[in-house]
Colleague: 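Below is the structure I would like to discuss, written out as structure tokens.
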Amino acid sequence: MIEKQASCQDPSESGTLDFEQALQRVLDNVSAIKARRNVTIREAFNGVAADDVRSPMDVPPFINSAMDGYAISSTDIPADGETRLKVIGKSFAGRPYPGKLQSGESIRIMTGAVVPDGADTVLMQEHVEVDGDHIRIDGTHKPGQNVRKPGDDFHAGDTIIQAGEHLSPAKLGLLASVGVTQLDVVRTPNVAFFSTGDELKSVGTSLQPGDIYDSNRYILYGMLQQMGVNCIDMGVVPDDRDRIEATLREAAACADLIITSGGASVGEADYIKQILDDIGQVNFWKIAMKPGKPLAFGHIDNTVFFGLPGNPVSAMATFYQFVQPCIKRLRGETPQAVLKLHARAAGKFKKRPGRLDFQRGIVVMDEDGQLAVSSTGMQGSHMLSSMARANCFIVLPKDAGDIEAGEQVEIQLFNDLI
């Protein structure tokens with residue numbers, strides 16, 4: 001009797017990990033890089049804060065106006081009828097009025113300018129009537145309106161950036177707003193990557209019969225660049241066990257993470273798992289996920305390793321779902337769940353039970369203002385064009401069968417995965 005080999009087309013297979021189990025193993029077996037760098041706030045962009053940052057000052061630091069208008073004392077707001085207040089000066093941002101306001105007086109004031117002594121209320125310029133060098137106001141105004149008080153945003157000593165926070169443009173601005181010039185960030189991970197396969201050729205070379213261009217290294221480079229890591233492109237390595245092992249050892253000596261694509265399956269020339277068994281540790285190498293079942297995860301010495309499938313869509317799907325959370329863990333980022341939305345299936349989605357399925361989709365807002373998602377068409381893991389057209393994954397549960405048009409499905413937007 002001939003024993004049937006397991007196939008990536010099989011709906012399920014013994015020895016495969018559920019998606020959730022595999023992801024938890026990754027997170028449980030990866031630690032944050034302990035090294036840190038002291039950098040300027042501009043150099044900190046896209047980095048991760050190594051420590052909490054506390055504000056050295058109140059923000060705003062002084063009472064200021066939230067509107068263009070007139071600063072007055074609330075005691076001058078009439079109980080009924082109208083009153084006239086004399087305009088005695090101006091307060092602009094960076095040029096405060098130097099004197100003190102008396103009863104019956106007002107100050108022309110701009111947004112962000114210091115509210116002068118004696119004033120506690122700002123009236124919008126549209127809500128007053130100008131009468132020469134006076135303004136007329138009625139009793140509809142409220143004491144304290146349109147005034148920002150010191151510490152309205154935060155106080156001196158408050159934590160404004162927490163350790164593990166990704167430093168976005170807004171957070172750089174937040175640091176600058178309190179005068180912080182430098183801070184410690186977690187060292188940027190070094191990520192080495194290469195493709196394996198005798199058929200793969202680099203862009204710019206000529207193809208011979210049976211050859212294809214290596215797209216995966218360009219895909220990986222783009223995704224890694226979006227994550228702000230240091231990329232070490234080690235090229236294409238032929239299906240030669242000694243060459244692959246030597247390249248893995250070289251990569252482990254200089255990188256925090258190694259990513260390969262291809263060679264992680266069960267073919268005669270697929271050496272990744274064999275080599276990892278010899279020079280490292282394999283944690284898992286098959287998961288109940290489509291596309292992307294042959295995913296190897298482990299370590300070579302202290303370097304994390306992922307062996308991604310060779311098919312480009314599978315490589316991208318496993319990168320988004322497993323490698324990206326790993327890199328965030330290496331960077332010391334505070335873990336956050338992937339944002340998941342629900343959308344109406346615009347058509348039928350075919351699926352066999354047995355694996356969590358990440359189909360490529362295009363989500364739009366329909367005429368009713370609801371999210372509707374359609375398939376990009378053929379879902380073969382070699383069809384990179386479907387990934388290029390898509391803007392989301394349609395996530396179909398492991399035990400689900402076909403999804404009919406009109407049913408609600410879960411989606412992951414690509415922009416939220418980055």
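This one's a predicted model, so the numbers in the text were calculated from it and none came from an experiment.
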Colleague: Using side-chain heavy atoms (C-beta onward) and a distance below 4.5 Å, is Glu245 in contact with Ile279?
Modeller: yes

Colleague: I'd like to know whether OH of Tyr221 has more than 12 heavy-atom contacts from other residues, nucleotides or ligands below 6.0 angstrom.
Modeller: no

Colleague: Are Ser195 and Asp214 close enough that a side-chain donor and a side-chain acceptor fall under 3.5 Å?
Modeller: yes

Colleague: Could you check Arg241 against Asp278 for salt bridge (Lys or Arg N to Asp or Glu O under 4.0 Å), going step by step and ending with a plain yes or no?
Modeller: CA-CA 12 Å; Arg241 193 186 192 286; Asp278 290 343; 2.4 Å; yes

Colleague: Do Val130 and Val87 make a side-chain contact, defined as non-hydrogen atoms from C-beta onward lying under 4.5 Å apart?
Modeller: no

Colleague: Any donor-acceptor pair under 3.5 Å linking the side-chain atoms of His166 with those of Asn46?
Modeller: yes

Colleague: Begin from the C-alpha positions of Asp51 and Arg36 and carry the test side chain to side chain contact (heavy atoms under 4.5 Å, CB included) through to its verdict.
Modeller: CA-CA 10 Å; Asp51 302 301; Arg36 57 178 61 193; 2.5 Å; yes

Colleague: side-chain hydrogen bond (donor to acceptor under 3.5 Å, both in side chains) for Ser55 and Asp158? Distances and angles first, verdict last.
Modeller: CA-CA 6 Å; Ser55 175; Asp158 287 351; over 6 Å; no

Colleague: Can you name the nearest heavy-atom pair linking Lys340 to Gln412, along with the distance?
Modeller: CE-NE2, 3.9 Å

Colleague: Salt-bridge test for Asp402 and Lys350: reply yes if a basic N is under 4.0 Å from a carboxylate O, no otherwise.
Modeller: no

Colleague: Salt bridge or not for Asp357 and Lys398, using N-O below 4.0 Å?
Modeller: no

Colleague: Short question: side chain of Thr159, backbone of Ile161 - any donor-acceptor pair under 3.5 Å?
Modeller: no

Colleague: In this structure, which one of Ile109, Val147, Ile107 forms a side chain to side chain contact (heavy atoms under 4.5 Å, CB included) with Ser65?
Modeller: Ile109

Colleague: A side-chain contact here means heavy atoms from C-beta on lying under 4.5 Å apart; do Phe322 and Leu295 qualify?
Modeller: yes

Colleague: For atom CD of Gln336, decide whether the heavy atoms of other residues, nucleotides or ligands shown that lie under 6.0 angstrom number more than 12.
Modeller: no

Colleague: Between the main-chain N or O of Arg243 and the side-chain N or O of Asp240, is there a donor-acceptor pair closer than 3.5 Å?
Modeller: yes

Colleague: Drop me the distance from Ser375's OG to Ile403's CD1, to the nearest 0.5 angstrom.
Modeller: 12.5 Å

Colleague: Using modelled atom types and a 3.5 Å cut-off, is there a donor and acceptor pairing between side-chain atoms of Gln226 and backbone atoms of Met223?
Modeller: no

Colleague: Any non-hydrogen side-chain atom of Val409 less than 4.5 Å from a side-chain atom of Val373?
Modeller: yes

Colleague: Listing request: all ring-ring contact (aromatic ring centres under 6.0 Å, His included) pairs with a residue in residues 328-366, at least two apart in sequence or in separate chains.
Modeller: Phe19-Phe358, Phe358-Phe393

Colleague: What are the two closest non-hydrogen atoms of Cys231 and Phe193, and how far apart are they?
Modeller: CB-CE2, 3.9 Å

Colleague: Please assess Leu276 against Ile300 for the test side chain to side chain contact (heavy atoms under 4.5 Å, CB included), listing each intermediate value before the final yes or no.
Modeller: CA-CA 7 Å; Leu276 209 62; Ile300 300 173; 3.5 Å; yes

Colleague: Give the minimum heavy-atom separation between Gly99 and Pro116, together with the two atoms involved.
Modeller: O-CB, 4.2 Å

Colleague: Which atom pair, heavy atoms only, marks the closest approach of Asp76 to Ile137?
Modeller: O-CD1, 4.0 Å

Colleague: For Asp256 and Asn190, indicate whether the former's side chain and the latter's backbone hold a donor-acceptor pair under 3.5 Å.
Modeller: yes

Colleague: Quick check against the 3.5 Å criterion: does Asp152 have a side-chain atom that pairs as donor or acceptor with the backbone of Arg148?
Modeller: no

Colleague: Any salt bridge between Arg249 and Asp301, counting N to O under 4.0 Å?
Modeller: no

Colleague: Quick one: are Val363 and Leu413 in side-chain contact, heavy atoms under 4.5 Å?
Modeller: yes

Colleague: Side-chain contact test, heavy atoms from C-beta onward, threshold under 4.5 Å: evaluate it for Tyr213 versus Thr205 and give yes or no.
Modeller: yes

Colleague: Using a strict cut-off of less than 4.0 Å between a Lys/Arg side-chain nitrogen and an Asp/Glu carboxylate oxygen, indicate whether Lys201 and Asp211 qualify as a salt bridge.
Modeller: yes

Colleague: Short question: side chain of Asp153, backbone of Pro60 - any donor-acceptor pair under 3.5 Å?
Modeller: no

Colleague: What heavy-atom pair brings Ala119 and Leu101 nearest, and what distance separates the two atoms?
Modeller: CB-CD2, 3.7 Å

Colleague: Go through Asn230 and Leu224 one step at a time and tell me if the side chain to side chain contact (heavy atoms under 4.5 Å, CB included) criterion holds.
Modeller: CA-CA 8 Å; Asn230 295 325; Leu224 290 169; over 6 Å; no

Colleague: Can Arg217 be said to sit on top of Phe194's aromatic six-ring, NZ or CZ under 6.0 Å from centre and within 45° of the ring axis?
Modeller: no

Colleague: May I ask you to decide whether Glu333 forms a salt bridge with Arg329, counting only side-chain N to carboxylate O separations under 4.0 Å?
Modeller: no

Colleague: Report yes or no: does Asn283 contribute a side-chain atom to a donor-acceptor pair with the main-chain N or O of Phe297 at less than 3.5 Å?
Modeller: no

Colleague: Do the side chain of Arg108 and the main chain of Lys90 share a donor and acceptor less than 3.5 angstrom apart?
Modeller: no

Colleague: About how many Å separate CG of Asn311 and CG of Asn216, when rounded to the nearest 0.5 Å?
Modeller: 8.0 Å

Colleague: Short question: side chain of Asp399, backbone of Pro353 - any donor-acceptor pair under 3.5 Å?
Modeller: no

Colleague: Taking the side chain as C-beta and beyond, is there a heavy-atom pair between Pro325 and Lys328 under 4.5 Å?
Modeller: no

Colleague: Tell me every residue that passes side chain to side chain contact (heavy atoms under 4.5 Å, CB included) with Arg344, counting only those two or more places apart in sequence or in another chain.
Modeller: Asp366, Ala372, Gln408

Colleague: So, taking the atom named CD in Gln125 and the one named CD1 in Ile135, what distance separates them when rounded to the nearest 0.5 Å?
Modeller: 11.0 Å

Colleague: Looking at every heavy atom in both Val313 and Pro291, which two are closest together, and how far apart are they?
Modeller: CG1-CG, 4.0 Å

Colleague: Atom NZ of Lys171 and atom CG of Leu183: how far apart are they, to the nearest 0.5 Å?
Modeller: 12.0 Å

Colleague: Is Leu248 close to Thr260 at the side-chain level, that is, under 4.5 Å between some pair of heavy atoms?
Modeller: yes

Colleague: Give a yes-or-no answer on whether the side chains of Glu43 and Gln182 include a donor-acceptor pair shorter than 3.5 Å.
Modeller: no

Colleague: Checking side-chain hydrogen bond (donor to acceptor under 3.5 Å, both in side chains) for the pair Thr376/Arg389: CA distance, chi angles, key distance, verdict?
Modeller: CA-CA 7 Å; Thr376 56; Arg389 291 196 303 272; 4.6 Å; no

Colleague: Taking side chain to side chain contact (heavy atoms under 4.5 Å, CB included) as the test, write out the residues that go with Leu172, two or more places apart.
Modeller: Ala44, Phe45, Leu167

Colleague: Carefully, step by step, assess Asp68 and Thr111 under the rule side-chain hydrogen bond (donor to acceptor under 3.5 Å, both in side chains).
Modeller: CA-CA 5 Å; Asp68 291 347; Thr111 303; 2.9 Å; yes

Colleague: Quick one, Met67 with Met124, criterion side chain to side chain contact (heavy atoms under 4.5 Å, CB included). Give me CA distance, side-chain angles, the key distance, then yes/no.
Modeller: CA-CA 6 Å; Met67 297 286 178; Met124 290 178 62; 3.9 Å; yes

Colleague: If only atom types and distance count, is the side chain of Lys351 paired as donor or acceptor with the main-chain N or O of Pro397 below 3.5 Å?
Modeller: yes

Colleague: Rounded to the nearest 0.5 Å, what's the gap from CD1 on Ile259 to OG on Ser261? Could you check?
Modeller: 9.5 Å

